[in-house]
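What follows is a set of notes on a single structure, which appears directly below.
As the structure is a prediction and not an experimental result, all values here were calculated from the model. Throughout, numbering of the chain's residues begins at 1 and tracks the sequence. No hydrogens, no waters, no symmetry mates; every other heavy atom, side chains included, goes into these values.
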Amino acid sequence: MQKFRVKALLCLAIFAPSAFAGVTVTAPANNSNVSPSVQFVATATTSCANGIAAMGIYTAPFVRAYLVNGASLNHSLTLNPGTYKTVVQAWDNCGGSSTTPITITVGSGGSPAPGTKTFANLHQQSGWTGYALLPTSFAICGSCKPTGPQATWSRKTGIGSPSVSGSATQHDIGGQTQYADILWNNHLIGDFSSQGLPDWSKTLVPTLHNFVYDVYFYGTNLPASQALEFDINQFVNGKSFIWGHECRIAGGHQWDVWNNKAQKWVPTGVPCNPINNAWNHLVLQVQRTSTDELLFQSITLNGAKATLNHLDAPTTTNWYGVTINYQQDLNHQPQPYSIWLDKLNFNYW
């Protein structure tokens, strides 16, 4: 019955004056390059007293890929490489209709390169350990417990809502300490591998030069976060490569990257404005160059790709392997908040 209702609304829209204020699409960005998994986030408003009836996504003329009732839309489509002149459309209950066109290019660059291996759905898996980092040193607090009081944290898997895949993981933090951070770390390859890849012979990790951290995240109170951090780490040949990425939220809505030698954050000038009460899709791509430098290649948030090509130098270490981090920070007025992660995939080659 739903499809006939929408057809009727479409027909009425031809003859009825539109009462729409419009359709606002917050993701993907118009004329952006995106990965094959494209997150669409949009809302619609109207002066119609009866409100919005439905919203839909068209990937080509008359090719509707998705339809949902109500005035908001948050849905991921998997598309083949190519250029798409997509349209997000809304229909109200007074016979009005409004559209917003969004042109996107889905490139093979959004797909794993030949020879790429993937750890899929890491958010669902074991191997994650949480730590509290307290000011001013922000070293790991050995005496801190998940129950507080300085900082509190927990991690729950198998969350059905909100979720993209049907099974998200919820990360909760709180406590009494201003700017306290909670870091979750997972050893993927090498020392303490959670994936069964200890690489005892030390033949795998030295061959790895390219990494992609691909994740969806959702927050209901993002302003409570000073920052969200996503890190890729490689320890090889006595050198430490930490590709730290920090999305400052209360801290100023900008992406910072980690300076390994100076041990400080460096502003990139790239805005970071994740959407509250919506799924945000983040893709980070980095490389260890042939000359053993850290190359921060790109940050893609909700389809908007920022190319950094920022180089940094490694430090020394006795560690060996590849790890990833996820971190949440409290702001100057600490209050508990939650972030959900979903479809956390890590590509390496």
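Shown are V283, T300, T118; of these, the side chain to side chain contact (heavy atoms under 4.5 Å, CB included) with D214 is made only by V283. Of the candidates T24, T86, V87, V25, V25 is the only one forming a side chain to side chain contact (heavy atoms under 4.5 Å, CB included) with T100. Of the listed residues (Q287, R288, Q297), just one forms a side chain to side chain contact (heavy atoms under 4.5 Å, CB included) with W243, and that residue is R288.
Environment of CD in Q263: crowded, with over 12 heavy atoms of neighbouring residues, nucleotides or ligands closer than 6.0 Å. For F192, the CZ atom sits in a loose shell: 12 or fewer heavy atoms of surrounding residues, nucleotides or ligands are nearer than 6.0 Å. More than 12 heavy atoms of other residues, nucleotides or ligands sit less than 6.0 Å from atom CG of N309.
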Given the rule in the side-chain contact (heavy atoms from CB on, under 4.5 Å) test, do T220 and W340 qualify, once you have shown the distances and angles that lead to the verdict? CA-CA 9 Å; T220 56; W340 290 259; 4.0 Å; yes

Chi angles and distances behind the side-chain contact (heavy atoms from CB on, under 4.5 Å) call for T103, N30: CA-CA 5 Å; T103 299; N30 192 31; 3.8 Å; yes

Where do F211 and I324 land on the side-chain contact (heavy atoms from CB on, under 4.5 Å) test, with the steps shown first? CA-CA 10 Å; F211 307 98; I324 60 171; over 6 Å; no

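One distance of note links OG1 of T315 with CG of N259; it measures 10.0 Å at 0.5 Å rounding. A distance of 6.0 Å separates CG in L183 from CG in N185, rounded to the nearest 0.5 Å.
By the side-chain contact (heavy atoms from CB on, under 4.5 Å) test, A29 is found to be paired with S32, A304, residues two or more places apart in sequence or in another chain being considered. The side-chain contact (heavy atoms from CB on, under 4.5 Å) check on A71 picks up I52, with sequence neighbours excluded. Applying the side chain to side chain donor-acceptor pair (under 3.5 Å) rule to H75 yields no partners; only residues at least two apart in sequence or on another chain are considered.
Residue pairs satisfying the disulfide (SG to SG under 2.5 Å) criterion with at least one member in residues 308-346, sequence neighbours excluded, are absent. For residues 153-174, every residue pair satisfying the salt bridge (Lys or Arg N to Asp or Glu O under 4.0 Å) rule, not counting sequence neighbours, is listed here: K156-D172. Residues in residues 299-349 take part in no disulfide (SG to SG under 2.5 Å) pair, two or more places apart or across chains. Identified under the salt bridge (Lys or Arg N to Asp or Glu O under 4.0 Å) test for residues 313-338, with sequence neighbours left out: none. Applying the salt bridge (Lys or Arg N to Asp or Glu O under 4.0 Å) rule to pairs touching residues 220-245 yields K239-D292, sequence neighbours excluded. Residues in residues 264-284 take part in these ring pair (Phe, Tyr, Trp, His ring centres under 6.0 Å) pairs, two or more places apart or across chains: Y216-H281, Y218-W279, W258-W265.
The closest side-chain heavy-atom distance from T177 to P334 is not below 4.5 Å.
Through direct or relayed side-chain contacts under 4.5 Å between Ile, Leu, Val, Met, Phe, Trp and Tyr, V41 connects to I275. The other members of the hydrophobic cluster of L295, by chain and number, are L311 (side-chain heavy atoms under 4.5 Å, ILVMFWY only).
Between F138 and Y179, the gap from one ring centroid to the other reaches at least 6.0 Å.
Taking the six-membered ring for Trp and thresholds of 30 and 60 degrees, W255 and F230 have ring planes inclined between 30 and 60 degrees apart. The aromatic rings of H187 and W319 sit tilted relative to each other, their planes meeting at an angle between 30° and 60°.
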Residues 120-134, side-chain donor-acceptor partners within the protein, below 3.5 Å, at least two apart:
residue: H123; atom: ND1; partner: K343; partner atom: N; Å: 3.4
residue: H123; atom: ND1; partner: L344; partner atom: N; Å: 3.3
residue: H123; atom: NE2; partner: S167; partner atom: O; Å: 2.9
residue: H123; atom: NE2; partner: D342; partner atom: OD1; Å: 3.1
residue: Q124; atom: NE2; partner: S167; partner atom: O; Å: 3.3
residue: Q125; atom: OE1; partner: Q195; partner atom: NE2; Å: 3.1
residue: Q125; atom: NE2; partner: A120; partner atom: O; Å: 2.8
residue: W128; atom: NE1; partner: L122; partner atom: O; Å: 2.9

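Side chains of N302 and N280: a donor-acceptor N/O pair is present below 3.5 angstrom, by distance only.
Side-chain atoms of D199 do not come within 3.5 Å of backbone N or O of G190 as any donor-acceptor pair.
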